[in-house]
Amino acid sequence: MRMILAVAAVLYSASAFAQADKPPMVGDKPLVQVKPKGTKAGTTEAAAKPAAAPKGKPQSIAARLQACLELDDGTKDRLNCYDAVMPPAPKPKPAKAKGYADCRFFKEEDERLACFNGFAESIPKLPKT
């Protein structure tokens, strides 16, 4: 009976030591979990991400801004499209925008949308290839 209790105590304590609070380390760096490159179409992550640009030559910022002009004017979708190209970084008192990159500093969505629209419409149309 003592032998069974001793074996149980050793096994129980060994399992307690195996559960550490810290993640496993390699040298002084923690191990990193690698995510798979491809995701299935049925997962929520794939549904949450917008459609990626076609592979090959990456599009310029001007081309991506012009692509946003195809969405209905004054809608949240168009603003989301602009924000995907140039993520917002609002400032309390932004200066007058001198270029499309300055539009991201506006806090109000309507001001930011009007700013992006003004610059995106003034960009010369790029030839489609």
Side-chain angles (χ1 to χ4, degrees):
M1 182 69 171
R2 286 184 184 174
M3 187 59 119
I4 294 174
L5 288 174
V7 170
V10 169
L11 291 177
Y12 182 73
S13 63
S15 66
F17 284 122
Q19 298 175 5
D21 293 325
K22 296 184 285 182
M25 305 286 273
V26 175
D28 59 345
K29 297 181 182 179
L31 285 177
V32 180
Q33 286 187 342
V34 179
K35 295 181 181 176
K37 289 186 179 181
T39 58
K40 295 182 181 178
T43 63
T44 57
E45 290 179 10
K49 292 183 180 179
K55 295 196 178 196
K57 188 175 177 185
Q59 290 184 329
S60 66
I61 292 177
R64 290 188 283 167
L65 287 174
Q66 286 179 344
C68 294
L69 290 174
E70 295 174 5
L71 298 171
D72 291 335
D73 190 20
T75 61
K76 181 76 172 165
D77 290 335
R78 187 183 275 195
L79 182 63
N80 289 340
C81 182
Y82 287 139
D83 288 345
V85 176
M86 297 291 294
K91 290 186 175 179
K93 293 184 180 179
K96 186 174 186 267
K98 296 179 182 174
Y100 63 85
D102 295 335
C103 295
R104 65 189 176 130
F105 299 127
F106 289 111
K107 186 175 183 178
E108 291 295 320
E109 292 180 351
D110 293 335
E111 291 177 3
R112 200 164 66 240
L113 182 61
C115 180
F116 277 125
N117 280 338
F119 286 111
E121 290 169 355
S122 67
I123 298 172
K125 298 290 182 195
L126 300 172
K128 294 185 178 183
T129 55

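As the structure is a computational prediction, the values presented were derived from the model and not from experiment.
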Compare every heavy atom of [Y] with every heavy atom of [X], then report the nearest pair and how far apart it is.
| X | Y | answer |
| --- | --- | --- |
| I61 | V85 | CG2-CG1, 3.8 Å |
| L71 | C81 | CD1-CB, 3.8 Å |
| F119 | K98 | CZ-C, 3.8 Å |
| F106 | A95 | CZ-O, 4.1 Å |

Measuring from N80:CG to T75:OG1, what's the distance to the nearest 0.5 Å?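 Reported value, rounded in 0.5 Å steps: 8.5 Å.
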Rounded distance [0.5 Å steps], CG in D73 versus CG in N117: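 One finds 5.0 Å between CG of D73 and CG of N117.
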Worked check of side chain to side chain contact (heavy atoms under 4.5 Å, CB included) between L69 and Y82: CA-CA 9 Å; L69 290 174; Y82 287 139; 3.3 Å; yes
Would you kindly confirm whether L113 and L65 end up in one hydrophobic cluster when ILVMFWY residues are joined by side chain heavy atoms under 4.5 Å apart?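 L113 clusters together with L65.
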Candidates R112, R104, K76, R78 - the one meeting side chain to side chain donor-acceptor pair (under 3.5 Å) with D83: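 Filter result, single survivor: R112.
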Looking at I4, I'd like to know if its CD1 atom is crowded, meaning that more than 12 non-hydrogen atoms belonging to other residues, nucleotides or ligands lie closer than 6.0 Å.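 Not more than 12 within 6.0 Å, no.
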